[in-house]
Amino acid sequence: MAHDLPAWVAELTDPRRAETLDELADRLVPLAEHAIDVSRRLQAQLNELNDPFKREALYGRVDRLKARVGEALDEITAEIAASGAERIERVWADWAGRAGPGDRGAWERELRRLLDRDVVPVLSRQQEDVAARVAERTSKALEAATQTLLTRVEELAKAVTDLIHDVLPLAREGLELASRISTLSGHARKAGRGPVPDELKSAGAETSRAFDEAVARLELEWSALGARSATVRAALRGAEETAFSHVTEEMTRCVEELAPRHVEALNEAEAKARTLFEESRG
């Protein structure tokens, strides 16, 4: 849908339509401001594009990955510990349902002593062994994932640096153009009043053409740079998520590999606890 601006907009912003020196100077001022504005927006876009590759951002990205992996490992470690506690709770629940009221206190103390002596240490060693193996695999996976993440960030940083070096001259070009426009406006002010001389009229027309071409390039590059910035942010986020997924997948595989032996050890410990329970009743 077309959105036409009022006719006076072009009248007041096109130096080629100026008939007097004051009109020429007045029309040059917004052109200079426009050139400065788009140049600064382009420079700000370049700074924003470069921000994720500063040292602090890089350290933050790695620390964030380590923190997330640490939380995931803590959850697995807690689940491992809970699996042993659940087996002991089964024995206690069975005991609580069958113990007589008379000697309950003495029997409970004796059963707890036997469990602490013969079952809990075995469960603790099993849990520590599984947790240690998962932690070791996690550490190796985290090291590999971190290196891959850093390599990808480095590759992306090089591409972004090359892009910045290509675009930065355009932003400077806009500021230089603004300076030339301001200088021409100043000359028009100093020339006094009355009709625009041919020399200034020609300079104004040439400046207008240069402005139209330069600002069109700057605005187009600014728009394209915004899309590139979004792509870069998405790529960095994707690299982080991929690194985290790599580590968690390795953690899951490790747990799955250790699960059969761990369950077997839990079953043995529960069977031992029930044997102690039956012996303590006899």
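What you see is a predicted model, and the numbers here were worked out from it, not measured in a lab. The first residue of the sequence shown is numbered 1, and numbering continues consecutively from there.
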Next item on the list: Might you work through the side chain to side chain contact (heavy atoms under 4.5 Å, CB included) test for R152 and T148, ending with a clear yes or no?
Entry: CA-CA 6 Å; R152 287 174 171 169; T148 299; 3.8 Å; yes
Note to self: Test side chain to side chain contact (heavy atoms under 4.5 Å, CB included) on L31 and R27; report intermediate values, then the result.
What the structure shows: CA-CA 7 Å; L31 267 61; R27 284 157 175 74; 5.7 Å; no
Notebook entry, point to check: When you look at E71 and K66, which way does the salt bridge (charged side-chain N to carboxylate O under 4.0 Å, His left out) test go after all the steps?
Noted result: CA-CA 9 Å; E71 291 175 359; K66 291 180 178 179; over 6 Å; no
Note to self: Applying salt bridge (charged side-chain N to carboxylate O under 4.0 Å, His left out) to R125 and E128, what does each step give before you reach the verdict?
What the structure shows: CA-CA 5 Å; R125 285 193 298 271; E128 291 170 2; over 6 Å; no
Item checked: Worked verdict on V153 versus F53 for side chain to side chain contact (heavy atoms under 4.5 Å, CB included) -> CA-CA 8 Å; V153 171; F53 302 98; 4.0 Å; yes
Note to self: I'd like to know whether V122 forms a side chain to side chain contact (heavy atoms under 4.5 Å, CB included) with K272, so could you lay out the CA-CA distance, the side-chain angles of the two residues, the decisive distance to 0.1 Å, and finally the verdict.
What the structure shows: CA-CA 10 Å; V122 176; K272 177 66 175 177; over 6 Å; no
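Taking each heavy atom of L177 and A214 in turn, the nearest pair found is CD2-CB, 3.6 Å. When all heavy atoms of A18 and V196 are compared, the closest pair comes out as O-CG2, 4.2 Å. Residues A188 and L24 share a closest heavy-atom pair of CB-CD2, 4.1 Å. Nearest heavy-atom pair across L28 and P15 is CD2-CG, 3.7 Å. The minimum heavy-atom distance between P169 and D166, with the atom names listed, is CD-O, 3.5 Å. In plain terms, the two heavy atoms of A35 and A178 that are nearest each other are CB-CB, 3.9 Å.
Using a 4.0 Å cut-off between charged side-chain N and carboxylate O, R40 and D37 make no salt bridge. Salt bridge annotation for R137-E257: present, with a cationic side-chain nitrogen under 4.0 angstrom from a carboxylate oxygen.
For E23 (side chain) and E19 (main-chain N/O), a donor-acceptor pair under 3.5 Å exists by modelled atom type. The backbone N or O of L175 lies less than 3.5 Å from no partner atom in the side chain of S179, so there is not a single donor-acceptor pair. A donor-acceptor pair under 3.5 Å links the side-chain atoms of T275 to the main chain of A271, judged by distance alone. Between the side chain of S139 and the backbone N or O of A135 there is no donor-acceptor pair closer than 3.5 Å. In this structure, S202 contributes its side chain and D198 its backbone to no donor-acceptor pair below 3.5 Å. With hydrogens and angles disregarded, a donor-acceptor distance shorter than 3.5 Å links the side chain of T248 to the backbone of S245.
Remark: I181 CD1 to S208 OG distance equals 8.0 Å, nearest 0.5 Å. Atom CD of residue E199 and atom NE2 of residue H187 lie 10.0 Å apart, to the nearest 0.5 angstrom. Note that CD of E75 and OG1 of T77 are 10.0 Å apart. Values are rounded to the nearest 0.5 Å. Atom NE2 of H246 sits about 9.5 Å away from atom OG1 of T146, to the nearest 0.5 Å.
Under the ring-ring contact (aromatic ring centres under 6.0 Å, His included) criterion, no residue pair touches residues 125-161, with sequence neighbours excluded. Listed by first then second residue, pairs satisfying ring-ring contact (aromatic ring centres under 6.0 Å, His included) with a partner in residues 9-40 read H34-F211, not counting sequence neighbours.
Every side chain to side chain contact (heavy atoms under 4.5 Å, CB included) that E221 has, sequence neighbours left out, goes to L42, V167, L170, R228. For R193, the salt bridge (charged side-chain N to carboxylate O under 4.0 Å, His left out) test picks out D22, with sequence neighbours left out. Take D26 and apply the side-chain hydrogen bond (donor to acceptor under 3.5 Å, both in side chains) test, not counting sequence neighbours, and it matches R189. The side-chain hydrogen bond (donor to acceptor under 3.5 Å, both in side chains) search around K140 returns none, not counting sequence neighbours. Under the rule for a side-chain hydrogen bond (donor to acceptor under 3.5 Å, both in side chains), the partners of E173 that lie at least two apart in sequence or sit in another chain are R217. A search for salt bridge (charged side-chain N to carboxylate O under 4.0 Å, His left out) contacts involving R16 returns D14, D212, not counting sequence neighbours. Listed by chain and number, the residues in a salt bridge (charged side-chain N to carboxylate O under 4.0 Å, His left out) with E219 are R41 (sequence neighbours excluded). Residues passing the side-chain hydrogen bond (donor to acceptor under 3.5 Å, both in side chains) test with R133 are D129, sequence neighbours excluded.
The side-chain heavy atoms of L46 and L225, taken from C-beta on, include a pair separated by under 4.5 Å. Put simply, the side chain of S39 does not reach to within 4.5 Å of the side chain of R172, judged on heavy atoms. Between I80 and V255 the shortest side-chain heavy-atom distance does not fall below 4.5 Å. Between R180 and L184 the shortest side-chain heavy-atom distance does not fall below 4.5 Å. Residues Q45 and L49 fail the side-chain proximity criterion, which asks for heavy atoms closer than 4.5 Å. Contact check for R209 versus E206: side-chain heavy atoms found under the 4.5 Å cut-off. Residues T138 and E250 fail the side-chain proximity criterion, which asks for heavy atoms closer than 4.5 Å.
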Output side-chain donor-acceptor pairs under 3.5 Å for residues 234-241, partner residues at least two apart or in another chain, one line each.
{"unit_1": "R237", "atom_1": "NH2", "unit_2": "E241", "atom_2": "OE2", "d": "3.3"}
{"unit_1": "E240", "atom_1": "OE1", "unit_2": "R64", "atom_2": "NE", "d": "3.1"}
{"unit_1": "E240", "atom_1": "OE1", "unit_2": "R64", "atom_2": "NH2", "d": "3.4"}
{"unit_1": "E240", "atom_1": "OE2", "unit_2": "R61", "atom_2": "NE", "d": "3.1"}
{"unit_1": "E240", "atom_1": "OE2", "unit_2": "R64", "atom_2": "NH2", "d": "2.9"}
{"unit_1": "E241", "atom_1": "OE1", "unit_2": "R68", "atom_2": "NH2", "d": "3.4"}
{"unit_1": "E241", "atom_1": "OE2", "unit_2": "R68", "atom_2": "NH1", "d": "2.9"}

N/O donor-acceptor pairs under 3.5 Å from side chains in residues 258-267, not counting sequence neighbours:
{"unit_1": "H262", "atom_1": "ND1", "unit_2": "Q126", "atom_2": "NE2", "d": "3.1"}
{"unit_1": "H262", "atom_1": "NE2", "unit_2": "S83", "atom_2": "OG", "d": "3.0"}
{"unit_1": "N267", "atom_1": "OD1", "unit_2": "R87", "atom_2": "NH1", "d": "2.7"}
{"unit_1": "N267", "atom_1": "OD1", "unit_2": "R87", "atom_2": "NH2", "d": "3.2"}
{"unit_1": "N267", "atom_1": "ND2", "unit_2": "V263", "atom_2": "O", "d": "3.3"}

